[in-house]
2 protein chains.
Amino acid sequence: MDALDRRAPALLATLGVRGPQSRTQLARGLGLSPATVTQLTRQLLTAGVIGEVDSVPSRGGRPATLLALTNRRAGAIGVKVSPSRITVVPVQMDGAVGERTVAEFDPGAPEALEVLADTIATQVQEFDGVLLGVGVGLPGAVDDQARGVVDAPTLGWSGMAVGDYLRRTLPQPVPVLLDNDVNTLAVAEHMYGEAGRHPSPLIVTIGHGIGCAIVAGGRLHRGFRGGAGELGHVPVALDGPECRCGNRGCLEALVGDDALAQRARERGIVGPQEGKSELNDRALGGHPGAIQLFEEAGTLLGRTLAGLAQVVDPDVLVILGEGTDVWELWRPSFTMALRRHLLPDRRSIPIVMEDWPDDRWAAGAASLVLFSPFDTDGLGGDQGELVRTRLHRGLTEAVEA
Amino acid sequence: MDALDRRAPALLATLGVRGPQSRTQLARGLGLSPATVTQLTRQLLTAGVIGEVDSVPSRGGRPATLLALTNRRAGAIGVKVSPSRITVVPVQMDGAVGERTVAEFDPGAPEALEVLADTIATQVQEFDGVLLGVGVGLPGAVDDQARGVVDAPTLGWSGMAVGDYLRRTLPQPVPVLLDNDVNTLAVAEHMYGEAGRHPSPLIVTIGHGIGCAIVAGGRLHRGFRGGAGELGHVPVALDGPECRCGNRGCLEALVGDDALAQRARERGIVGPQEGKSELNDRALGGHPGAIQLFEEAGTLLGRTLAGLAQVVDPDVLVILGEGTDVWELWRPSFTMALRRHLLPDRRSIPIVMEDWPDDRWAAGAASLVLFSPFDTDGLGGDQGELVRTRLHRGLTEAVEA
DNA sequence: CGGACTTACTTTAGTCACGAACAAAGGGAC
DNA sequence: GTCCCTTTGTTCGTGACTAAAGTAAGTCCG
């Protein structure tokens with residue numbers, strides 16, 4: 001009964017995320033035989049962790065019995081760290097997002113980590129139900145997932161052992177998982193979004209930074225030491241402006257929010273004190289120069305992604321991020337440039353734009369934790385293992401109490 | 001004893017490819033526990049398929065006993081299909097390459113498949129030892145690995161069921177595996193070359209075409225329907241020359257062999273009837289214009305690969321292909337452009353150039369077959385399964401006979 | 001209204017691979 | 001030499017998972 005099943009957490013998580021399911025559905029979803037699911041569910045049924053809740057009318061055969069969690073109060077806390085603020089949200093396993101906390105943040109300050117830990121701590125103490133862990137998404141590469149060592153030029157962090165610090169400092173011992181914020185988005189998309197219906201999506205984020213995540217066969221490509229997806233620093237112009245990474249001609253230095261705002265100021269489209277949001281307003285209001293700016297950006301992004309798609313061959317393109325609020329301005333030129341530079345038989349690749357508001361990024365980070373029961377490769381390291389045992393134990397104890 | 005072990009073929013293949021190994025080495029290499037290896041090897045030992053051949057002096061512990069195949073006459077036939085010819089070579093499991101057959105080929109001819117099958121058939125009948133299968137590498141995407149459906153614009157093939165045809169036509173029933181030629185190279189590199197010592201290499205081929213293969217965590221990224229790696233058709237110039245794919249500004253249309261030769265003719269570096277090899281000669285002879293041509297190509301390739309490396313984050317860059325015979329001409333500008341456009345902490349990525357003569361491509365295709373015993377994901381489909389059983393049965397029968 | 005067909009589970013018997021403890025076979029320090 | 005350490009390999013018991021065959025519970029059709 002006390003077996004540290006690797007499968008039981010995955011089964012529980014499936015019921016938590018996808019809602020009530022029959023045994024057969026579970027078997028297919030988890031890649032197990034029906035026999036195994038019978039065994040597993042019997043244990044969980046007698047333990048009272050799950051229960052038979054309903055039965056669906058049959059479509060020509062024996063009707064299926066739906067299983068569901070008897071106690072679904074389990075979830076994770078998601079954290080998004082950006083250069084100016086921290087967003088923290090509690091997320092239940094079924095995807096329900098709780099009330100968020102936003103705190104000002106100066107990543108360069110000496111007490112930055114302390115502030116981060118404090119902000120998270122409040123939410124940890126107030127969490128309703130079984131807290132499986134804390135997922136943190138940040139703009140940068142996570143060198144060692146197990147220890148949580150972060151390299152994030154955007155934040156000015158290099159070799160910061162963020163994971164270790166949080167684990168030591170949080171008010172209760174709770175698993176902490178870190179990853180690049182675009183990667184967390186990719187995981188969330190895979191679990192809840194459009195990308196989950198495709199085996200090999202290419203996920204692109206536009207906004208302040210430009211990033212991407214490559215998923216192949218349901219597997220996130222993290223690259224050597226977690227540095228994959230730096231789409232923003234792909235060189236696209238020979239003599240482009242200098243980028244904050246130090247190089248010249250980076251995509252981000254041409255179509256990132258700051259770059260667009262800068263160019264708009266140079267061209268007199270917005271005033272010297274104005275920025276991206278004013279540019280958006282002008283363009284939506286019909287200002288030809290502003291519209292042209294987005295057209296240029298769309299072309300550049302389209303061409304760059306065409307190149308990437310030639311090499312990676314995804315089956316869908318998912319666009320999201322802050323920048324998508326004016327996606328209609330990018331779309332025409334983007335689509336044209338993309339299709340024009342793709343091999344003929346790939347031009348029909350679907351493009352999906354998803355709205356993904358600010359706190360959803362944080363919710364995405366929580367998915368990092370909520371996904372770990374499914375993570376068969378152990379990419380989450382020992383922290384992933386901790387999440388799994390917490391899920392099993394947490395739910396079982398909740399029932400016994 | 002007749003167990004269709006999934007593991008036994010992998011073990012046999014390890015011994016065939018890597019040579020004699022101790023049980024502990026095998027366990028580590030195959031990701032099995034020592035206990036399991038003991039069980040497996042006992043069966044194979046009593047069956048006489050493998051034997052204890054030697055023992056190595058210890059380094060502070062019990063000395064290891066080396067195991068080896070008692071009958072190593074097993075291998076595959078590799079085929080490389082190019083627009084002008086077919087190269088066929090027999091390859092033994094230890095990597096030894098036999099004598100090659102080269103045949104003229106016109107992929108557009110109505111009897112093209114017939115010619116292909118005939119050329120392979122001769123080698124099949126003459127094969128020395130247990131023939132595990134035939135591996136075919138071709139310039140194009142293999143839509144469905146199991147059925148072997150090929151889309152290859154270079155050959156003018158679209159939806160050709162090459163695999164099915166060969167399986168029906170070859171003189172004996174033998175597994176046939178097909179893949180993109182760069183993918184086969186990647187597999188060969190993974191098994192025998194430098195890339196095998198790195199978990200996430202990016203493999204780039206230069207020559208007539210420009211291609212690449214992305215390997216992540218020992219896994220080849222094949223893309224949706226096998227179309228990944230079309231590096232040659234990444235757009236790199238706004239108003240570049242028209243490419244044979246129909247688009248403009250493709251990398252291949254700027255730095256491929258034909259493009260270089262064309263440009264050399266335009267600039268009067270070689271005569272109107274001369275081509276790439278004359279260009280090589282001029283450049284190696286010190287012709288400034290010719291040298292500059294390679295410099296430009298190196299810069300372009302370097303910049304493009306920098307972009308790709310930002311997104312994919314490989315741990316090594318492996319360059320090979322016909323074009324590498326004059327790699328020294330590309331190298332300086334390539335290296336500079338690459339490093340200049342990489343994020344600072346990635347600039348130290350190692351670059352390895354490997355010599356890979358023409359018939360090695362065919363040998364690479366054979367690796368497709370020789371690798372399938374290790375292919376735990378079953379990417380080779382039922383053909384991979386066939387290869388595994390042939391390996392096991394073939395070697396066992398060879399001993400009994 | 002009963003048989004043919006479908007689909008959903010369950011039981012059984014067995015395989016595969018592993019962890020843990022143990023045995024074997026050396027090196028090195030004193 | 002004689003401990004102790006390191007590394008290799010083996011034995012044994014166990015647990016996870018499965019295939020195959022059986023059972024349950026419905027629909028559909030004549």
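Each chain gets a letter, A, B and so on, in the order the sequences are listed, and its residues count up from 1.
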*Asks:* Over how many whole Å does the gap from L40(A) atom CG to dC17(D) atom P extend?
*Replies:* 7 Å

*Asks:* Are T36(B) and dC18(C) close enough that a side-chain N or O sits under 4.0 Å from OP1 or OP2?
*Replies:* yes

*Asks:* Could you state the CD-C1' distance from E52(B) to dT8(D), rounded to the nearest angstrom?
*Replies:* 12 Å

*Asks:* So, R23(A) side chain and P34(A) main chain: donor-acceptor pair closer than 3.5 Å or not?
*Replies:* no

*Asks:* OP1, OP2 of dA17(C) versus side-chain N and O of S33(B): anything below 4.0 Å?
*Replies:* no

*Asks:* Report the residue (G61(A) or S22(A)) whose heavy-atom-nearest nucleotide on DNA chain C is the more 5′ of the two.
*Replies:* G61(A)

*Asks:* Identify whether any heavy atom of A35(B) sits under 4.0 Å from a base atom; if not, whether one sits that close to sugar-phosphate; answer base, sugar-phosphate or nothing.
*Replies:* base

*Asks:* Are OP1 or OP2 of dT8(D) and a side-chain N or O of T65(B) less than 4.0 angstrom apart?
*Replies:* no

*Asks:* Please tell me if R7(A) has a side-chain N or O lying less than 4.0 Å from either OP1 or OP2 of dA16(D).
*Replies:* no

*Asks:* Let me know the distance between CZ of R23(A) and C1' of dT7(C), rounded to the nearest Å.
*Replies:* 14 Å

*Asks:* Rounded to the nearest angstrom, tell me the gap between atom CG in D54(A) and atom C1' in dA8(C).
*Replies:* 15 Å

*Asks:* Distance check needed: dT10(C) C1' versus Q39(A) CD, whole Å only.
*Replies:* 8 Å

*Asks:* What is the distance from CG of L26(B) to P of dA17(C), rounded to the nearest Å?
*Replies:* 14 Å

*Asks:* Test for a donor-acceptor pair under 3.5 Å between the base of dT7(D) and the side chain of R62(B), counting only N and O atoms.
*Replies:* no

*Asks:* Side chain of L32(B) only, please: which of dC9(C), dA17(C), dG9(D) is the nearest?
*Replies:* dA17(C)

*Asks:* Under the 3.5 angstrom rule, does the side chain of R390(B) hit a backbone N or O of G133(B) as a donor-acceptor pair?
*Replies:* no

*Asks:* Tell me whether the side-chain N/O atoms of R42(A) come closer than 4.0 Å to OP1 or OP2 in dT10(C).
*Replies:* no

*Asks:* Tell me yes or no: between the side chains of R28(B) and Q25(B), is some donor less than 3.5 Å from an acceptor?
*Replies:* no

*Asks:* When you check the phosphate oxygens OP1 and OP2 of dT7(C), does a side-chain N or O of T24(A) lie under 4.0 Å from one of them?
*Replies:* no

*Asks:* Between V37(B) and P63(A), name the one whose nearest nucleotide on DNA chain D is closer to the 5' end.
*Replies:* V37(B)

*Asks:* Can you measure R28(A) atom CZ to dT18(D) atom C1' for me and round it to whole angstrom units?
*Replies:* 17 Å

*Asks:* So, Q21(B) side chain and L66(B) main chain: donor-acceptor pair closer than 3.5 Å or not?
*Replies:* no

*Asks:* Rounding to a whole Å, what distance do you find between Q25(A):CD and dT7(C):P?
*Replies:* 14 Å

*Asks:* Check R388(A) with D375(A), please: is the shortest side-chain N to carboxylate O separation under 4.0 Å?
*Replies:* no

